[in-house]
Asks: 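Got a structure here, written out as structure tokens. Questions coming.
Values below: every heavy atom of this structure, side chains too, minus hydrogens, waters and symmetry copies. All of these numbers come straight from a predicted model, not from anything done at the bench. In what follows, chains carry the letters A, B, and so on, assigned in the order in which the sequence lines appear, proteins first and then strands, with residues in each chain numbered from 1.
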Amino acid sequence: MGFGKGCHLHLIDGSAFIFRAYHALPPLTRKSDGLPIGAVAGFCNMLFKYVEGWNGNDAPTHAAVIFDYSSKTFRNEIYPEYKANRPELPEDLRPQFPLTREATRAFNIACIEREDYEADDIIATLAREAREAGGRVTIISSDKDLMQLVGNGVEMLDAMKNRRIGVDEVVEKFGVKPDKVVDVQALAGDSVDNIPGAPGIGVKTAALLIQEYGDVENLLAHAEEIKQPKRRQTLIDKAEQIRISRKLVELDAHTPMDEKLDDLEVQDPKPEELLTFLAQMEFRTLSKRVAEKLGAEPPVIPEPSAAAPAADAAPLPEQAPIDPEKYERVGDAEALNRWVEVIRERGCVAVDTETTSLDEMVAELVGISLCVEPGQACYIPVGHRAVGGEAADDLFGSDELAEGQMALEEALAILKPVLEDDAILKIGQNMKYDAKIFARHDVAVAPIDDTMLLSYALNAGKHGHGMDVLSERYLDHKPIPIKSLLGSGKAAITFDRVAIGDAVKYAAEDADITLRLWQLFKPQLHRARVTTVYETLERPLVPVLAEMEMNGVLVDRDTLSRMSNAFAQKMAGLEAEIHELAGENFNVGSPKQLGEILFDKMGLEGGKKGKTGAYATGADVLEDLAAEGHALPARVLDWRQLSKLKSTYTDALQEHINPETGRVHTSYVQTGANTGRLASTDPNLQNIPVRTEEGRRIREAFVAPEGKVMLSLDYSQIELRILAHVAGLAEMKQAFRDGLDIHAMTASEMFNVPIEGMDPMVRRQAKAINFGVIYGISGFGLARNLRIPRSEAQGFIDRYFERFPGIKAYMDDTTAFAKEHGYVQTLFGRKIHTPEINSKGPTAGFARRAAINAPIQGAAADVIRRAMIRMPAAIDGLPAKMLLQVHDELLFEVDADAVDPVIARVKEVMEGAAEPAVKLDVPLTVDAGQGANWAEAH
DNA sequence: GACATCACG
DNA sequence: GACGTACGTGATGTCC
């Protein structure tokens, strides 16, 4: 088909794909020979995903991937410094370039590059030709240098964000229409491409100038008229430099080309060619996916021999590929005993349980899988339901147990001695879950190792630690998705309804993967110097958390229910009032509708739209409006507070009361936060309200049973104390030793005012600064928090750094350490990786502040973990149970007559938790509270 | 499922 | 020189 009217040309910016792929993936190498192929892998994945997305009206009729031929182009003739500040290509990326061309051809997409020209010039040329032929063009790229081409049927598409870039988006970015973009770029310059532009003029200013004068030439001709003296002089002095800049940024839409549009017609990939290429690259997962899509046989990719281990991985014994067809179904005692024999020989086994629920407190055990060496795994079904006969037309199966299973009691009787044997290591992925299931059947699993925690100790900050992620990343294998067995949404079934044959494959595979991950990770602990972290902060915490979760906390349903009703009444009143004030009915819970009412209909000032184009209606915005005397936003704030309390707390918590225990059992995620903090889910009991009076009353529903007392002990200012220690802040350390009010002391140092009779406002500001430091302070952030001008906030910070010079040094040292090593460390050796610390743009700011915060937040998290791990032994024999952890607080339930000894014991453990590993220069102090409920105890 | 909002330390 | 910024979480409701 010739290219013409009705045709749609896709032009893909190949270099952008390559760099994105390179930076998004770890340095993968081809298993058989160590060839770097990370970027190629990412490139192929992106290309495949992109081609898969072709459908409907927007599918291209023609397409091509455009590459840069080399880094030298005609622009270097004009200006030798062009792109001269680009960092050297990474060593392992260069050899991958030719492979990306091959990959493109393998996908049967045209592949274009031209000596002396940039990919952008070729794109400009093809776009022009396509437009002139009457067709449409989509450029797959987010490069701002291509934005000058937008308009007249040419659009860009940011494939990663799936965001279309049309004329409006270009105007948003450059302040001018696409045809004036080069003029703005010529003035603003570009540090990335080393385009000089006009010094002192950025995009904003450039857009204003071009809006007024039309283009660069006219502006330069009228430079004398510019009012601002500095700007005028720049335009006069740098006229030639600006003209050159314009030449550099303007794309050449008349690049000489051999390729014709007609040659670029979209064609289906040839399965054989594509799969052959993917097999050569040894992309196992992608090959399978592509083969499936094309309806072809996946290629056989031989596993490499142990003689040629991948460069970055530990040498592993030769391994059988993961093959779910080879797992054994264990149906009787004889078979199970054979497995037990092997386990006893080996001394370790990977274990996984299948159940009917993610909530361990209600889940029923359905089956157990075991793996003794890679590829050798089995599944012991014990609770699968019989599937109804087809003739019975029974969609739900029956309640009868399926045939050919061992009785649960029989299986457990055989396994219990193994699971409890000190000499046999039980390996699991998220073992806390399985241990709790077994605990409900009176089996105390120990000792254990946990691949999720191994990954967390080794790789916190790099990626998640779920099995799917780990398997794909480290074993290059995509596990059978649970959804393929259970379905999803409303139609989802529970695992006991899964056919046993399918369950064997899925469950045994999980155990197989777990064992392989363990073999990979365990030896790495030592090399990465995190053995101590794993052995003292991760592994021993598992049984402690399991016990706390099983304890649960008593929650009084009636209290919650009464509060829900009261909230509902108040909300109804507020809602009526709000509708009255608005003059119409609308959904108060919809920020979108609220924004339109406030800023469009009522015309209030201060409406700011976020990136999605909706008005911001956050609490800060509404508070400002309320302060100006507007009634509606004030009512909405009240309504929102009640709505939050009702839906998230008083309503939802009732749902979480376990019918058997009458208590609420949260789950702690040990690997949830990169810093070492725990996360609490289902429900989250770490964010129960406390800051407002109305919210705090929800804590009255967390009660101690008859004859017992709630006890709350929390560290005082633990993060600031750790900061004082690690940053060596002499004054602050002394203040803590003297037991002073630390925020008042800070204020006194900074503003030279006495602590006695201090203005509370001054203390509040000092407090905000103290917190700000922990968060990686910025003038902007502090200004917003204190609602003061930015310059004033910056002044505070400067003064603070002057008074406490250790702070600045700590921040700089920590940033430098992160940049050099790619991680930061807590006092206790926990490593938190900071993969984005060396990136460009706003991301770097985030990464830097996170890097500054992590050692402080992380060390505090380590301290309370150490306390928790020692707690069971410390309160052994006392009538006390540890129930909850809220980052710096521990909550206990204690017999009323034993409160004092428990407080004494717990306090001692918490205050001494850093030792003996670390001797802090400041004391850790703990405050205790007690009462009939959490509100009183806190 | 993304986004906005808001609860906690 | 401009840009966008406090750190770490989880749950809920709206909207597409």
Side-chain angles (χ1 to χ4, degrees), chain A residues 161-162 188-191 197-206 461 587-595 610-622 636-637 640-641 643-649 651-653 655-656 666-669 672-692 695-696 698-699 714-715 717-719 768-769 771-786 790 793 797 832 840-858 860-861 864 884-889 938:
Chain A
K161 296 188 187 142
N162 200 19
D190 185 345
S191 60
I201 295 180
V203 170
K204 288 263 161 69
T205 314
N587 184 347
V588 184
S590 163
K592 185 164 169 272
Q593 293 179 32
L594 175 66
K611 50 190 162 197
T612 53
Y615 289 113
T617 66
D620 48 347
V621 177
L622 298 188
V636 172
L637 280 169
R640 279 208 185 144
Q641 199 202 355
S643 161
K644 180 80 173 183
L645 295 179
K646 181 170 187 293
S647 70
T648 309
Y649 301 105
D651 284 353
L653 274 174
E655 307 288 312
H656 281 285
T666 184
S667 289
Y668 289 103
V669 189
N674 289 336
T675 52
R677 273 197 180 177
L678 303 177
S680 158
T681 66
D682 308 301
N684 181 354
L685 295 186
Q686 289 182 323
N687 70 347
I688 304 301
V690 69
R691 290 177 188 171
T692 66
R696 185 157 54 235
I698 290 172
R699 295 190 174 213
D714 68 295
Y715 284 105
Q717 306 289 1
I718 186 167
E719 292 193 353
I769 299 171
F771 274 105
V773 166
I774 294 172
Y775 297 153
I777 201 156
S778 76
F780 183 93
L782 184 64
R784 204 176 56 171
N785 189 288
L786 285 175
R790 195 174 157 174
I797 293 170
I832 297 118
K840 292 256 188 296
T843 335
F846 282 113
R848 181 174 162 276
R849 291 191 297 272
I852 289 169
N853 174 259
I856 302 169
Q857 190 184 113
I864 197 166
L884 300 178
Q885 187 250 43
V886 192
H887 308 309
D888 63 359
E889 173 189 7
H938 186 77

Asks: Are T675(A) and I856(A) close enough that some pair of their side-chain heavy atoms sits under 4.5 Å apart?
Replies: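 Answer no - side chains too far apart.
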
Asks: Taking atom P in both dC3(B) and dT5(C), compute the distance separating them and give it to the nearest angstrom.
Replies: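 Each nucleotide's P atom is 15 Å from the other's.
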
Asks: Going 5' to 3' through nucleotides 5-12 of chain C, assign each nucleotide B (protein heavy atom under 4.0 Å from a base atom), S (under 4.0 Å only from sugar-phosphate atoms) or - (no protein heavy atom that close).
Replies: BBBBSBBS

Asks: What is the distance, to the nearest angstrom, from the NZ atom on K646(A) to the P atom on dA7(B)?
Replies: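 For the pair K646(A) NZ and dA7(B) P, the rounded distance is 16 Å.
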
Asks: Counting the atoms with a prime plus P, OP1 and OP2 as sugar-phosphate, which does T617(A) contact under 4.0 Å by heavy atoms, base, sugar-phosphate, or nothing?
Replies: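 T617(A): backbone/sugar contact only, no base atoms under 4.0 Å.
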
Asks: Are I852(A) and R848(A) packed together at the side-chain level, in the sense that at least one heavy-atom pair is separated by less than 4.5 angstrom?
Replies: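 When only atoms from C-beta onward are counted, R848(A) and I852(A) do touch, with a gap below 4.5 Å.
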
Asks: Between L884(A) (CG) and dA7(B) (P), how many Å, whole number?
Replies: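 That distance rounds to 20 Å.
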
Asks: Under 4.0 Å, counting only non-hydrogen atoms across every strand here, what does V203(A) touch: a base, just sugar-phosphate, or nothing?
Replies: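 No contact.
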
Asks: Quick one: L594(A) CG to dC6(B) C1', roughly how many Å, whole number?
Replies: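 So the two atoms are 15 Å apart, to the nearest Å.
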
Asks: Would you mind reading off the distance between Q593(A) atom CD and dT14(C) atom P, rounded to a whole angstrom?
Replies: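 Whole-Å distance recorded here is 9 Å.
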
Asks: Within the 4.5 Å heavy-atom criterion, are L594(A) and R640(A) side-chain neighbours or not?
Replies: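 Sidechains of R640(A) and L594(A): in contact.
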
Asks: Hunt down the Watson-Crick or G-U wobble partner of dG10(C), both distances under 3.5 Å, from any strand shown, or write none.
Replies: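 Pair assignment: dG10(C) / dC6(B).
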
Asks: Rounding to a whole Å, what distance do you find between R640(A):CZ and dT14(C):P?
Replies: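 Going from R640(A) (CZ) to dT14(C) (P), I get 12 Å.
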
Asks: Which part of the nucleic acid, if any, lies within contact of A619(A), taking any heavy atom under 4.0 Å across all strands shown: a base, the sugar-phosphate backbone alone, or nothing?
Replies: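 Sugar-phosphate contact only - A619(A) comes under 4.0 Å of backbone atoms but never of a base.
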
Asks: Keeping the roles fixed (side chain from S667(A), backbone from D682(A)), state whether a donor-acceptor pair exists under 3.5 Å.
Replies: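 Pair absent, no side-chain N/O of S667(A) close to backbone of D682(A).
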
Asks: Distance check needed: dC3(C) P versus D190(A) CG, whole Å only.
Replies: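 Computing the D190(A):CG to dC3(C):P distance gives 14 Å.
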
Asks: Is E719(A) touching bases, backbone alone, or none of the nucleic acid, heavy atoms closer than 4.0 Å?
Replies: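 E719(A): no heavy atom of the nucleic acid under 4.0 Å.
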
Asks: Quick one: does L782(A)'s side chain get under 4.5 Å of I769(A)'s, heavy atoms only?
Replies: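 A side-chain contact under 4.5 Å exists here.
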
Asks: For dG13(C), does either OP1 or OP2 sit under 4.0 Å from a side-chain N or O belonging to S590(A)?
Replies: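 No, S590(A) has no side-chain N/O under 4.0 Å of OP1/OP2 on dG13(C).
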
Asks: Does dA2(C) have a Watson-Crick or wobble partner in any strand here, with both distances under 3.5 angstrom, and which is it?
Replies: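 dA2(C) is unpaired by these criteria.
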
Asks: For R699(A) and I688(A), indicate whether the former's side chain and the latter's backbone hold a donor-acceptor pair under 3.5 Å.
Replies: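 Checked: pair present.
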
Asks: Counting the atoms with a prime plus P, OP1 and OP2 as sugar-phosphate, which does P689(A) contact under 4.0 Å by heavy atoms, base, sugar-phosphate, or nothing?
Replies: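 It contacts sugar-phosphate atoms only.
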
Asks: Would you call N853(A) and I774(A) a side-chain contact if the rule is heavy atoms closer than 4.5 Å?
Replies: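 Yes; the side chains approach each other to less than 4.5 Å.
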
Asks: Using atom P in both nucleotides, what's the gap between dG4(C) and dA4(B) to the nearest angstrom?
Replies: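 It comes out at 15 Å once rounded to the nearest Å.
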
Asks: Between Y668(A) and Q885(A), is there a donor-acceptor pair closer than 3.5 Å when you use the side chain of the first and the backbone of the second?
Replies: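 Yes: the side chain of Y668(A) pairs with the backbone of Q885(A).
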
Asks: Could you tell me how far apart I688(A) (CD1) and dC8(B) (P) are, to the nearest whole angstrom?
Replies: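 The distance from CD1 of I688(A) to P of dC8(B) comes to 9 Å, rounded to the nearest Å.
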
Asks: When the C1' atoms of dT5(B) and dC3(C) are compared, how many Å lie between them, rounded to an integer?
Replies: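 Taking atom C1' in both dC3(C) and dT5(B), they lie 25 Å apart.
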
Asks: If each of K592(A) and K204(A) is mapped to the nucleotide of DNA chain C with the nearest heavy atom, which maps nearer the 5' terminus, i.e. the 5' end?
Replies: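 So the residue in question is K204(A).
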
Asks: How many whole angstroms separate atom CD1 of I201(A) from atom C1' of dC3(C)?
Replies: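 The answer, rounded to whole Å, is 18 Å.
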
